[in-house]
Each structure stands twice: as C-alpha cells, then as structure tokens.
Amino acid sequence: MSLVKSQLWLCLARTKTKNTRIPTTSFPGHRRTLTLSRSRKYSLSSYNCGALTSQHVGTEVTVRGWLQSLRVFGNVRFATVRDSTGLTQLVWEESLDKEFGNLKTESVIEAKGTVLPRPPDMQNKRMKTGEIEVQVKKLEVLSSSEHPLPLPVETHFRGNQSRKKNKDSPANQETRLKHRYLDIRSPSIQRNLRVRSAAAIAARVELDSLGFVEVETPTLFKSTPEGAREFLVPSRLEPGGRCYALPQSPQQYKQLLMVGGVDKYFQVARCYRDESGRPDRQPEFTQLDIEMSFSSQEDIQKVVEQVLHTMWSSASSMARKVARTYSVPEKSDEAMQQWERQNIPWQLLQKPPDADFPRLTYREAMDKYGSDKPDTRFGLFIQKVEEPECQPDPGNSLRGLLLPNMCSEYSNKKLKELCQEMCEFLLQKGQTRNIEVVAVKVGKDASWGRSVAAGSVNQMNRVLKANPELKQRVLSTFQARENDILLLAVGKQDDPCEALGYTRSKIGPLHMSEEQKLQLNWVWITDFPLFEVGSEGKIKCAHHPFTMPDERDMNEFRNLTVKSSHDELLRVRGQSYDLVCNGVELGGGSIRVHTEEIQRHVLEACLGHSKQEVETLFPHYLAAFKVGCPPHGKQHFAK
C-alpha cells in the first residue's frame, strides 16, 4: 500500500470565543422583559424546563421536552416535563384530557401556558423549579412513545443507595447498549457526557494558553509494527488486496510534526486496536495526546499535572451543575454533603490533583508493590528475603508478603486456592517459567504454623520443612505475629513480585478504611526497561520502538546486538513513564528517539529486523531524521 501522502492535515485556525452578552428579548404577553438564556438562544421553546422560577410568575411560556411522569388527583392532572436543563411541573383540569389525547410517558410534548406559584404546602424545595408550575392551556404531542418501553428510563443517578428506585438499570448490559438512545436519557449518562465535554474543553483552553497547537491527523495510515494489532481497511483502489491501517495512536504523525517545526502539539485523538477487550481498554477509544520539542521528561510531566488540575476542576463543576438539574440540596452542610454523595461521583468530590505528583522508579514499584501500576492508598509491602538456602537456583529471587491478622479469613483449602491463583495469574500472562508459592499461618509465639504450597516445583517448601531455624529467621524478617499469614514466592526475574502483587491488589482494597477508599493517590512511574520478554519468549519493546534509551545506559545500549542475552537487553532502561492513580494506568509518555543511528540500532540490532524490513516499514520516518529532528517527548492519557 502506498504511504498516505506526507502532508498532514492541519487543524489550523481555532478562534477563541469571547464572553458575549445575550441580547434581552421581550416576548408578547410577558409582564416584564427577561433575558434569554444562552441555551435557549436558538430554540423554539421560550424557556428551558429547568429555568423557570418564581420570577416568571404570570409569564406566558412554551416548554418542550419528554413527559417524565403523569399523575391524577381527582379532576386535576399533574405532569413532569424534562429536558437537558431540568424538570418543570405541568398542571391542567380534567376537562382538557380529550383535547390533549392519550399521553404516554417519554413522549415528546409541547406545552403552552402560564407560570403560577405553587401553594406553599405543595412546594418542592428539592426541585430547582419546585416553587412554580405551569397552568397548561395547550398541549401537543410532537412525537408519541410506544409502550412498553424496551427498558425503563431512569430518573435518578445510578449508585445512589439511599433510593430504592435508583439501583443500576434492571435491564442487562446488552439491552442497554441495543437501546442506547433510551439509556442516554438517564441522569447518569447525561452527566457523564457533559462532564467529559467540560474536561475536553478545559484541556483545550489550558493547552492553548501554554502555546500548544491542536492538529488533526489522518485516520488512514500504513501498517507498521508498533506493538498492538491493527484494524485493516481494504480499498477498491489498491491492487493486490493491500490495505490501510487505522492508527493505534497518532504516534508517527506527531513525531513528524515535531520535525515540521510544530514544537507543541495536542489532539483529542481517536485510537484503534484490534485486541481483546479489557476493563480499561476498548477496541476504539479516545486519548488526549501531547507532544513537545526541546523539553525534558520533567517539563512534560509538569504540563500534564497542570492540565489535569484544570480538567478536574472543570469536570467537578459540571458534575455539580448537572446534578442540580434533577435535584437541589438543602442549605445545611450535612444535607449538602449527603446530596453530593448521592448525586456526584466520589472521585469528583475530591479536590483537584496538586502539582508535583510523587515519583517511583519501575524497579521501586515492582520491588515494593509487585506492579508497575501500584495502588499506593494502602500498605502491604513486598519484601526481599536474603536466605540463599530457600532458593537453590542462584538465578532465582525470593520475595514475601505479610497479611496481618488474616488467619481467620482463610481456611487451609482457601489458602491453597490462593496460592494456585497466584501461579495461574502468571500463566495467563504467558509466563511459563517455574514459580513456587508457599503460604504459612503464623501460630502462637510467632511460630511456624500450618503451611500449604503450589507451583511447578517444590524445592523451597522441602527446604523449609527440614530446617526449623530457617523458618524462624524468615518469620523474624517480616516481624510476623500470631494470626498473620506469610506468603513466600520464589522464581526468576520479576515473577515472584508479580505473583505477590496480584494478591496484594486483590486483598488490599478489601481492608481499606473509608478514608483510604476516598483518596486519589497519583504517582509517576519512571525508568521503565527499554525491552521486555513477550509471551512467546521473544524480546519486544516495553512501550514502543521509538523510545529513547536512558542516558545512563547509553554505552550498554550501543553494545547490544541480536545475539545479546535477555539479561543484557532487560538491563537497559528507557526514558518512558506512566501516570497511575489508585492502581489504574491513566496514561503514558516517553522521550523519543531523534537520530537515525539510534532508531536503526533499536529496530535492527535489538529487535532483529533486517535493514530491508526497516526501510520498507519506516521509509518516511527514517527520511525525516535526515533533515533535522529536534529532541522531543510525548504524553497521552485516555479519556
């Protein structure tokens, strides 16, 4: 397939919108002149459903929206009409029923009438428009809704446990997705869409103030080996069945922009990866993409922290604004806090993240937490055990994790299953190396109690059973006490840390305090290895092949060849980093390769591509290096 033309489609002039005052408009029949709200400026309705207050009493209005509820009290009819700004109560006499026809909930209606004050004993202080109602004179069904509906339209935010009606939708996920247009009407989805929009706008404004240029890159590219599987797009114009590829990310485009002199780029980019779904990844997703020339890793991280602070503030403000369209909190502090907990995601109730996030190297994270995306809200730290007798193979490492006061929660059978889970976790990741796990219940006087083992070997368990003194030394290393459980894992490379890290991430959240559960712990993970071992036992790039090696390891990197051992390749660090919050990786970045010599060495000497393969796959990329490529780096995070 011929390469997509070298010209990048640039999104050039993005003008700043000024705060313009909306002109005052007088409607026929109004008792006073009122200011038209911004959202009604280009609408057939005279007022939003959520905009009417006691100031509008006596005003003739037209409102449009969905009929949310219909109630009959004697010869009086009460209805609630809903649009994106809130709710308004309608009222009319029984005599108008025939004229209005058969009304069904979720039909789209137009109501014309007069705003009246509600009787004092019928005012709803939890509703933004609870002081008024509209006495309907004319009502028209613009679009009728057929019943029964495929799924009920929710009227409260999901997750509000204080309301029996506000549990998650009884319809299964498949039904909700099939009828997504109905699910979108729910307050939770409406809030999510608006919060996301507010965050994106805030990011654009903040990056624009920092001198960044938003550039839209093509979605048709040539297939290149960047790590993930690509979606292929056939074209009838390309002979021989050759295909375009949808971009895994705008990775190469934005690097070419740096060569082109766009020194600060960003984009809200669509990305595509033909891979199995994960809880934090879909085949199609969006990320905020940033690239900067002549900047250090610390410079990029400071920009990200500043943008995150702005996005968080804007998203939190929008979440509160949307929540008020459906209900209004009482004025007391206690009532306000309860209202916020019921209607706003707990994450957005936290203060915006401060600058200068803590930093951990990859090695520190793996040794202490057993994961390169650690949840730092709770303890349970992994420790290294310096007992050579426990690890007959000199290439192995022995690690341990102490679970305080957990004997009562684990029977011997359950503890055995936990050990087997740890081994299976590594197998699922494609690691076939030998691993052994031993779990010990600590008895009275910190003695070695009942133990169980799992794994492909049984060396450590045999050694420990035959050596009482060794058992006690191991227990004293962790300062174990009665009723504690000690998990020991022995294996090669990071296998023991990862196995224990799996258990830590599974058990730790179950024992957090309420205060810990409401924390947002941000951390940068830095100094990742440049390479890693893939599931098939082959060396691959830990992030992508365009990451610059760490300056501290540059001499060792230059000496690498296709014949270098795995240990030699894995010792070389890259200038890459991830942003993690509460054990979830939110984004990653790296300083890029900016010379042809280093790029060829990564692709040819380290990854084993032939010179011809490299020149076939990356001709555009190598050519760019020949005309002056500035040092540059990037950051992305998913939205």
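Every value quoted in this text rests on a predicted model; they were computed, and no experiment measured them. Counting begins at 1 with the first residue of the sequence.
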Heavy-atom nearest pair, Cys581 first then Leu586, reads CB-CD1, 3.8 Å
So, does Thr325 use its side chain to make a donor-acceptor pair with the main chain of Gly86 at under 3.5 Å? no
Can you name the residues that form a ring pair (Phe, Tyr, Trp, His ring centres under 6.0 Å) with Phe294, not counting sequence neighbours? none
Any side-chain donor near an acceptor of the partner, Gln306 and Glu206, under 3.5 Å: yes
Are more than 12 heavy atoms from other residues, nucleotides or ligands located less than 6.0 Å from atom CH2 of Trp66? no
Between Lys634 and His632, do the side chains contain an N or O donor and an N or O acceptor separated by less than 3.5 Å? no
If only atom types and distance count, is the side chain of Arg191 paired as donor or acceptor with the main-chain N or O of Asn343 below 3.5 Å? yes
Mark yes or no for whether Arg126, through its side chain, and Ser327, through its backbone, hold a donor-acceptor pair below 3.5 Å. no
Tell me whether Glu230 is salt-bridged to Lys222, with the criterion being a basic N under 4.0 Å from an acidic carboxylate O. no
Which residue, His636, Gln267, Lys254, forms the side-chain hydrogen bond (donor to acceptor under 3.5 Å, both in side chains) with Asp289? Lys254
Answer yes or no: is there a donor N or O on one side and an acceptor on the other, between the side chain of Ser295 and the main chain of Ser293, under 3.5 Å? yes
Would you sort out whether Leu530 and Met548 count as a side chain to side chain contact (heavy atoms under 4.5 Å, CB included), showing the intermediate values? CA-CA 8 Å; Leu530 190 60; Met548 191 74 170; over 6 Å; no
Does any donor atom in the side chain of Trp524 or Glu305 lie under 3.5 Å from an acceptor atom in the other side chain? yes
Given Phe231, Tyr244, Tyr253, the one that forms ring-ring contact (aromatic ring centres under 6.0 Å, His included) with Phe221: Tyr253
Any chance the rings of Phe625 and His594 have centres within less than 6.0 Å? no
Side-chain donor or acceptor of Arg600 paired with backbone N/O of Val614 under 3.5 Å: no
Going through the distances and angles, do Thr526 and Gln297 end up as a side-chain hydrogen bond (donor to acceptor under 3.5 Å, both in side chains)? CA-CA 10 Å; Thr526 64; Gln297 183 177 135; 4.9 Å; no
Sole candidate of Arg273, Glu275, His544 that passes side-chain contact (heavy atoms from CB on, under 4.5 Å) when paired with Gln248: Arg273
Treating Asp83 as the side-chain partner and Cys49 as the backbone partner, does any N or O pair qualify as donor plus acceptor under 3.5 Å? yes
Measure from the side-chain N and O atoms of Ser317 to the backbone N and O of Ser313, and report whether any donor-acceptor pair falls under 3.5 Å. no
cation_pi(Lys368, Phe381) dist<6.0 Å, angle<=45: yes
Using a strict 4.0 Å threshold on nitrogen-to-oxygen distance, state whether Lys178 and Asp183 make a salt bridge. no
Side chains of Asn521 and Thr376: any donor to acceptor distance under 3.5 Å? yes
Intermediate values then yes/no, ring pair (Phe, Tyr, Trp, His ring centres under 6.0 Å), Tyr621 and Phe546: CA-CA 10 Å; Tyr621 198 58; Phe546 313 117; 4.9 Å; yes
With a 4.0 Å cut-off, would you call Arg363 and Asp494 a salt bridge? yes
Just wondering, more than 12 heavy atoms not from Glu284 lying within 6.0 Å of its CD? yes
Output yes when a side-chain donor or acceptor of Ser576 lies under 3.5 Å from a complementary backbone atom of Ser590, and no otherwise. no
Are any side-chain N or O atoms of Lys626 and backbone N or O atoms of Glu596, one a donor and one an acceptor, separated by less than 3.5 Å? no
Smallest heavy-atom separation, Trp522 atom then Leu308 atom, equals CZ3-CD1, 3.8 Å
Heavy-atom count check: over 12 atoms from other residues, nucleotides or ligands less than 6.0 Å from Lys517 NZ? yes
Got a list of side-chain donor-acceptor pairs under 3.5 Å for residues 347-361, not counting sequence neighbours?
unit_1: Gln350; atom_1: NE2; unit_2: Trp346; atom_2: O; d: 2.8
unit_1: Lys351; atom_1: NZ; unit_2: Asp354; atom_2: OD2; d: 3.4
unit_1: Arg359; atom_1: NE; unit_2: Gln301; atom_2: OE1; d: 3.1
unit_1: Arg359; atom_1: NH1; unit_2: Phe357; atom_2: O; d: 2.9
unit_1: Arg359; atom_1: NH2; unit_2: Gln301; atom_2: OE1; d: 2.6
unit_1: Thr361; atom_1: OG1; unit_2: Glu364; atom_2: N; d: 3.1
unit_1: Thr361; atom_1: OG1; unit_2: Glu364; atom_2: OE1; d: 3.4

Whether the Gln68 and Arg185 side chains hold a donor-acceptor pair (N or O, under 3.5 Å, no angle test) is what I'd like checked. no
Does the distance from a Lys or Arg side-chain N to an Asp or Glu carboxylate O, for Glu340 and Arg320, drop under 4.0 Å? yes
cation_pi(Arg324, Trp339) dist<6.0 Å, angle<=45: yes
Run Ile591 and Thr547 through side chain to side chain contact (heavy atoms under 4.5 Å, CB included) and show every step you take. CA-CA 6 Å; Ile591 300 299; Thr547 301; over 6 Å; no
Under 3.5 Å, is there a donor-acceptor pair between the Ser188 and Glu154 side chains? no
Check step by step if salt bridge (Lys or Arg N to Asp or Glu O under 4.0 Å) holds for Arg377 and Glu515. CA-CA 10 Å; Arg377 289 176 294 177; Glu515 183 180 356; over 6 Å; no
